Amino acid sequence: MDFLILFLVYLVCVLTSVLLLCIYSKRTHTVAGEILTDGSQVFSRFVPGWLQRTTQRAFHHLFHTRNCIFIILHLALEGAVYSEYTWEIFHYCLELEFSLYHLLLPYLLLIINLFFFFLSCTTNPGVITKSNEASFLQVYDYDEVIFLKNLKCPTCDLRKPARSKHCRVCNRCVHRFDHHCVWVNNCIGALNARYFLIYLLTLIAMAVNIAVITSAFLIHLVLLSGMTLGTYLDDHGQEQPVDIAFLIQGI
Ligand SMILES: [Zn+2]
Ligand SMILES: [Zn+2]
């Protein structure tokens with residue numbers, strides 16, 4: 001049951017964070033925004049004022065200003081996962097005669113991932129300046145619906161090329177703006193979108209790769225130990241054959 005309790009605690013923490021984030025983030029004038037506004041009014045009756053102000057300031061700093069916190073968190077999480085893999089999985093898998101190439105693949109993916117993570121963080125996403133404004137204006141046609149000709153960004157005081165947008169976090173206009181990513185602390189735009197995409201793909205590949213190796217390792221352990229042939233005593237003292245649910249909790 002320990003695993004399930006830990007998982008429930010984790011789930012409660014995540015859901016509470018998402019709830020706080022929804023309530024204290026900038027609200028939009030949509031139906032969802034109105035619901036959140038009503039929700040926050042109810043919620044604020046139970047939360048002390050100082051905690052609301054601190055949460056608001058913390059979320060504003062985390063998500064609406066440029067900072068390296070998520071880059072550090074990202075590197076720390078990858079470091080933790082790979083430390084665990086190296087010390088807990090890699091050597092045991094070698095002893096179980098897993099293919100060395102398969103076991104080294106996560107490290108190769110990590111190197112590629114970090115390289116494109118670095119590029120996503122540091123590459124100019126396509127910031128529009130006085131010197132490149134004219135060339136960006138030629139790239140896409142204005143549709144006169146969403147993107148209007150001769151529209152100026154009031155902050156940057158530059159004409160807005162079609163498909164560009166002003167990033168409120170970085171306070172600059174970006175060509176073919178997609179979004180501002182807190183994990184790379186950079187806008188994702190025309191010039192770094194390809195790096196960001198490869199970064200995401202390698203991240204998914206790493207997660208799948210390590211999940212497959214870890215699952216294969218655990219299945220090997222279970223089969224070698226003969227646990228599937230054993231029995232256990234349930235809460236009522238009755239002897240029960242080992243089943244999948246017991247194995248998942250036991251592992
Ligand atoms: Zn702007
Ligand atoms: Zn930005």
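Predicted model only: the values in this text are computed from it and were never measured. Sequential numbering from 1 along the given sequence is applied to the chain's residues. In listed order, ligands and their atoms are each counted from 1.
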Contact check: Cys167 to the Zn ion (ligand 1), N/O/S below 2.8 Å: no

Give a rough value, rounded to 10 degrees, for the angle at the Zn ion (ligand 2) between atoms ND1 of His180 and SG of Cys187. 130°

To the nearest 10°, how many degrees is the angle Cys153 SG to the Zn ion (ligand 1) to Cys173 SG? 100°

Do Met206 and Val81 come within less than 4.5 Å of each other through their side chains, counting heavy atoms only? no

Atom name of the N, O or S atom in His166 that lies nearest to the Zn ion (ligand 1): ND1

Between the side chains of His166 and Asn171, is a donor N or O closer than 3.5 angstrom to an acceptor N or O? yes

Pair Phe90 and Phe217, ring centroids less than 6.0 Å apart: no

Least distance between heavy atoms, Asn185 atom then Cys68 atom: ND2-SG, 4.1 Å

